[in-house]
Amino acid sequence: MNPVLPPFLQESFDRGVDPLDDEATRVWLQQHPEHLQAFAALRATLREVADLPPQMRWPRRWRPLWFLAGAAALLVAAWLAASSPAVTVLPRPLFAPRAAVLSITTTERIADGTRAFAFATVQGTLSHKASTTFSTCSTGRQLPTVFLRTTVREETVRP
Amino acid sequence: MSQPLTSTDASAAVPVDDATSFGRQLVALAGPMHAFLHTLCRGGAVTGASVDDLVQEVMARAWRSRTTFAADRGTLDAWLSRITFRVYLDHRRTPAASPTLAEEPATCAPGPLAQAAAREQLQWLLGRLSSRERGVLLRFHRDGRSVAELAAADAVPTGTIKSLLHRARARLWAAFLRGEQP
């Protein structure tokens, strides 16, 4: 079925007249009864458009292009996620069982961009700890901003 | 009934079994023809008859001229649609024959439910047009502005406005041909 609206029907609508006022159109429609239903629906629709209120909301058109773009973006994201290297799991330190720990030494050093640093040591057993701290002043010379924190934990365990 | 008959006394020429079968097929198409007439009336009212009256007339005419139907020249649906269309044309309110006070008013106005359904379908159809096509279509058919006025308002050639209008109508036409529904 030809979906093209015949030009003479377009012209009738352009002139703002009922196409059925034209004898040639009436004859054509009777010769093409397969178009009668579509013609009646179009004529009725255009007539009813006149009764529409000025303020009316229209549903958004479904745009296949947008849908395809979204699907493509999802595919790319999935491909990137699949092709990136697996997250490396850091090895867990082999801490001794809690009952085997005789003493602990934790040393923490903090340095910043002023070259000053702080040094703290915690030493003792699980039930008794002693801490020592040591810090320096800034030299006044600014270095590139680097903040460094180092923590070293040492355990003495039963043999 | 592949051979069209020319006799005016159709009841004598058509075998009873065929006539009964034909009658059943006509009755089965009464509903679609009612809907078709209703759509035609939405586009332009009729005078002095209701849609039900017109359906009766369609069925009577179809029965009287049943010998002219030839299955090899088209479907019964198309044949009956043509008769329905002629009946509508005979009753259509034309500008030349405006209704008078003595005439019975047209009674094919849809009920509230049908109106709501028609409005919903109209909104759905217009929503499928691009915003430019819809805007031009509404300003032309709803606001009654001419092509020249629209062209001047949008500062575009009249050909652009016509093109948008024609494209919008062609989209609606194609949707109707395909029988698309919301």
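Residue numbers start from 1 in every chain, and the chains themselves are labelled A, B, ... in the order their sequence lines are given, proteins ahead of strands.
- Of the inter-residue distances, the one linking B:L177 atom CG with A:E34 atom CD reads 9.0 Å to the nearest 0.5 angstrom.
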Step by step, work out the side-chain contact (heavy atoms from CB on, under 4.5 Å) result for A:L20 and B:Y88. CA-CA 11 Å; A:L20 293 185; B:Y88 170 76; 3.7 Å; yes

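- Distance check, rounded to the nearest 0.5 Å: CG of A:L5 to CG of B:L172 gives 9.5 Å.
- Counting non-hydrogen atoms of other residues, nucleotides and ligands closer than 6.0 Å to CD of B:E180 gives a total above 12.
- Annotation: the span from B:L40 atom CG to A:Q37 atom CD amounts to 8.0 Å, rounded to 0.5 Å.
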Would you please test A:T45 and B:F176 for side-chain contact (heavy atoms from CB on, under 4.5 Å) and show each step? CA-CA 10 Å; A:T45 297; B:F176 292 131; 3.1 Å; yes

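- For the atom pair CD of A:E11 and NE2 of B:H166, the computed distance is 7.0 Å after rounding to the nearest 0.5 Å.
- There is no contact between A:P19 and chain B, counting heavy-atom distances below 4.5 Å.
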Assess whether salt bridge (Lys or Arg N to Asp or Glu O under 4.0 Å) is satisfied between A:D18 and B:R92, documenting all intermediate values. CA-CA 11 Å; A:D18 188 346; B:R92 187 172 74 102; 3.0 Å; yes

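- When every heavy atom of A:D51 is checked against every heavy atom of B:R119, the shortest pair comes out as O-NH2, 3.9 Å.
- Under the 4.5 Å side-chain heavy-atom criterion for grouping Ile, Leu, Val, Met, Phe, Trp and Tyr, A:V17 is not connected to A:L46 through any hydrophobic cluster.
- Scanning all heavy atoms of the two residues, the minimum distance from A:A38 to B:W173 falls at C-CZ3, 3.8 Å.
- Here the straight-line distance linking atom OG of B:S146 with atom CZ of A:R15 works out to 14.5 Å at 0.5 Å rounding.
- A donor-acceptor pair under 3.5 Å links the side-chain atoms of B:R82 to the main chain of A:Q30, judged by distance alone.
- Looking at A:D14, the atoms closer than 4.5 Å to chain B (heavy atoms on both sides) sit in the backbone and in the side chain alike.
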Please step through side-chain contact (heavy atoms from CB on, under 4.5 Å) for the pair A:R47 and B:R42, ending with a clear verdict. CA-CA 8 Å; A:R47 176 66 62 93; B:R42 279 166 45 211; over 6 Å; no

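- Side-chain atoms of B:R142 never come within 3.5 Å of backbone atoms of A:A50 as a donor-acceptor pair (strictly under, hydrogens ignored).
- To the nearest 0.5 Å, atom CZ of residue A:F13 and atom NE2 of residue B:H141 are 7.0 Å apart.
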Step by step, would you call B:T84 with A:L36 a side-chain contact (heavy atoms from CB on, under 4.5 Å)? CA-CA 10 Å; B:T84 306; A:L36 277 171; over 6 Å; no

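- The minimum heavy-atom distance between B:A78 and A:P33, with the atom names listed, is O-CB, 3.5 Å.
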